[in-house]
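This report concerns only the one structure given below.
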2 protein chains.
Amino acid sequence: MGRKKSYDRDETAERALHVFWEKGFEQTSLKDLEAATGVNRYGLYDSFTDKQGLFRECLTGYCASVMAMIEGFTSTGFSGLLGVIERFAEADFEEVHLHHGCLAITSMLEKECLSEDLQQLLGGYMDGILGAIRATLESEKKAGVLRKDLDIEDCMGLMHLIMVGLPTLSRTSPDADAMRRGGKSALNAMRTWLA
Amino acid sequence: MGRKKSYDRDETAERALHVFWEKGFEQTSLKDLEAATGVNRYGLYDSFTDKQGLFRECLTGYCASVMAMIEGFTSTGFSGLLGVIERFAEADFEEVHLHHGCLAITSMLEKECLSEDLQQLLGGYMDGILGAIRATLESEKKAGVLRKDLDIEDCMGLMHLIMVGLPTLSRTSPDADAMRRGGKSALNAMRTWLA
DNA sequence: TCGATATCTAAACGCTCGGTTGGCTATTGC
DNA sequence: GCAATAGCCAACCGAGCGTTTAGATATCGA
């Protein structure tokens with residue numbers, strides 16, 4: 001009973017995601033979200049509680065899709081850490097959206113504006129990825145794919161650096177190719193480092 | 001004639017710098033600046049025109065001091081790119097302030113909030129540093145200090161990545177040592193890459 | 001067809017922001 | 001000591017923010 005919604009909930013979140021992605025949480029206003037989604041603030045508040053609720057849905061979806069992407073790579077024959085990273089990098093670079101960097105990293109840079117649960121979500125996301133990288137490094141080192149004398153801690157430092165550096169490169173550089181070049185260089189450096 | 005100022009201009013800018021450094025331009029309010037400097041908004045506007053004027057003075061001072069630091073290293077016997085970078089890294093890591101990352105990088109991430117001249121200042125600062133690194137790479141390659149087959153473009157990609165990645169590491173990581181570890185790893189990677 | 005109900009639009013709310021102003025206070029030259 | 005000057009402080013301004021609400025509108029069951 002009653003009037004029907006004139007918008008699709010998921011599609012609205014998807015459109016909002018791209019605004020948050022481009023401008024960040026704080027810099028995105030309700031006006032921006034109304035314009036991008038075509039939904040009046042009332043509808044946004046009705047469906048997502050408040051601005052942070054909408055952002056939470058966008059961010060969790062984003063993190064989940066990135067995770068799914070990585071798992072997709074590992075389960076379709078791209079064995080080896082470098083293989084996964086390489087394919088991930090290729091996927092990244094082809095996606096126009098990623099010219100705005102990584103939503104998770106961007107959000108961590110404005111964590112003071114976010115509620116506690118969102119900060120924990122971001123922390124968990126990062127820890128999850130870093131933990132997966134570390135586990136892969138250790139198992140591949142044990143299996144002899146990587147150098148026997150590889151210092152895992154040291155290597156993780158570079159992995160972490162690259163992980164946060166590449167999105168930052170894409171956001172700070174006017175040149176859209178800066179991230180692609182950085183990624184290529186990083187892969188080269190890792191190859192000489194790891195093997 | 002008239003009443004004397006109750007504050008020192010340079011000291012005020014220095015204190016304001018640390019607030020901008022920690023919170024970024026946009027997130028720093030006049031209230032914050034009043035509290036940190038002990039100077040009423042009237043005084044700040046009288047001495048620096050407006051919020052952006054104060055920020056301009058802080059940012060130019062910051063960039064100049066970093067440049068002076070680098071030049072200090074090169075002119076006191078630390079020849080070689082890696083030597084300079086290493087010493088710069090050590091200086092960075094000892095400075096408590098750099099737990100908040102690099103003001104220039106932080107500012108480039110919110111360039112939409114800054115006036116045209118500040119964006120150009122930031123661009124020039126980055127280009128200056130990157131240009132100096134490139135020139136050093138080329139001359140050291142020619143002099144035989146570095147590998148003869150070193151791909152300069154490729155190498156610059158990594159340099160740029162590290163340059164923006166390290167400050168981001170320090171700002172996104174709750175662990176204060178993340179940047180130190182990232183810097184150490186980056187130096188190791190560069191050593192194997194360059195030599 | 002009509003009343004009940006869910007949704008839409010647009011206006012308004014309270015708040016904080018950067019920026020300004022006017023009355024008070026300290027310092028100066030005479 | 002007194003008028004002139006410059007600086008200080010607090011209150012105020014308009015704008016924009018996220019959020020709420022009131023009234024109009026569309027859709028449903030009966």
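In the text below, chain A, chain B and the rest are named by the order of the sequence lines, each starting its count at 1.
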Close N/O contacts between protein and nucleotides 27-30 of chain C (under 3.5 Å):
residue	atom	partner	partner atom	Å
C/dT28	OP1	B/Lys4	NZ	3.4

Could you give the [atom1]-to-[atom2] distance, from [X] to [N], as a whole number of Å?
X: B/Asp8; N: D/dG7; atom1: CG; atom2: P; value: 14 Å
X: B/Lys5; N: D/dT5; atom1: NZ; atom2: C1'; value: 13 Å
X: A/Tyr7; N: C/dT9; atom1: OH; atom2: P; value: 10 Å
X: A/Leu33; N: D/dC17; atom1: CG; atom2: P; value: 11 Å
X: B/Gln27; N: D/dC17; atom1: CD; atom2: P; value: 14 Å

If we only count heavy atoms from C-beta on, is the [X] to [Y] side-chain gap below 4.5 Å?
X: A/Tyr125; Y: A/Ile129; result: yes
X: A/Leu194; Y: A/Leu137; result: yes
X: A/Thr37; Y: A/Tyr7; result: no
X: A/Phe20; Y: A/Ser107; result: no

- Task: Show your working on side chain to side chain donor-acceptor pair (under 3.5 Å) between B/Asn188 and B/Ser185 and close with a plain yes or no.
- Result: CA-CA 5 Å; B/Asn188 287 341; B/Ser185 305; 5.6 Å; no

- Backbone of A/Arg41 reached by a side-chain donor or acceptor of A/Glu34 within 3.5 Å: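 Judged by distance alone, yes, a pair lies under 3.5 Å.
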
- Item | Verdict with reasoning, A/Ser173 to A/Asp175, per side chain to side chain donor-acceptor pair (under 3.5 Å) | CA-CA 5 Å; A/Ser173 180; A/Asp175 175 6; 5.1 Å; no

- Can you sort out the partners of A/Glu153 under salt bridge (charged side-chain N to carboxylate O under 4.0 Å, His left out), two or more places apart, ordered by chain and number?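 Checked A/Glu153 against salt bridge (charged side-chain N to carboxylate O under 4.0 Å, His left out); matches are A/Arg134.
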
- Item | Candidates C/dC8, C/dT7, D/dC8 - which lies nearest the side chain of A/Asp46 |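 Closest nucleotide to the A/Asp46 side chain: C/dT7.
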
Produce the list of close N/O pairs, under 3.5 Å, pairing protein atoms with atoms of nucleotides 17-21 of chain C; give distances to one decimal.
residue	atom	partner	partner atom	Å
C/dG18	OP1	B/Thr28	O	3.1
C/dG18	OP1	B/Lys51	NZ	2.8
C/dG18	OP2	B/Leu30	N	2.8
C/dG18	N7	B/Arg41	NH2	3.2
C/dG19	OP2	B/Tyr45	OH	2.3
C/dG19	OP2	B/Lys51	N	3.1
C/dG19	O5'	B/Tyr45	OH	2.9
C/dG19	N7	B/Arg41	NH2	3.4
C/dG19	O6	B/Arg41	NE	2.9
C/dG19	O6	B/Arg41	NH2	2.9

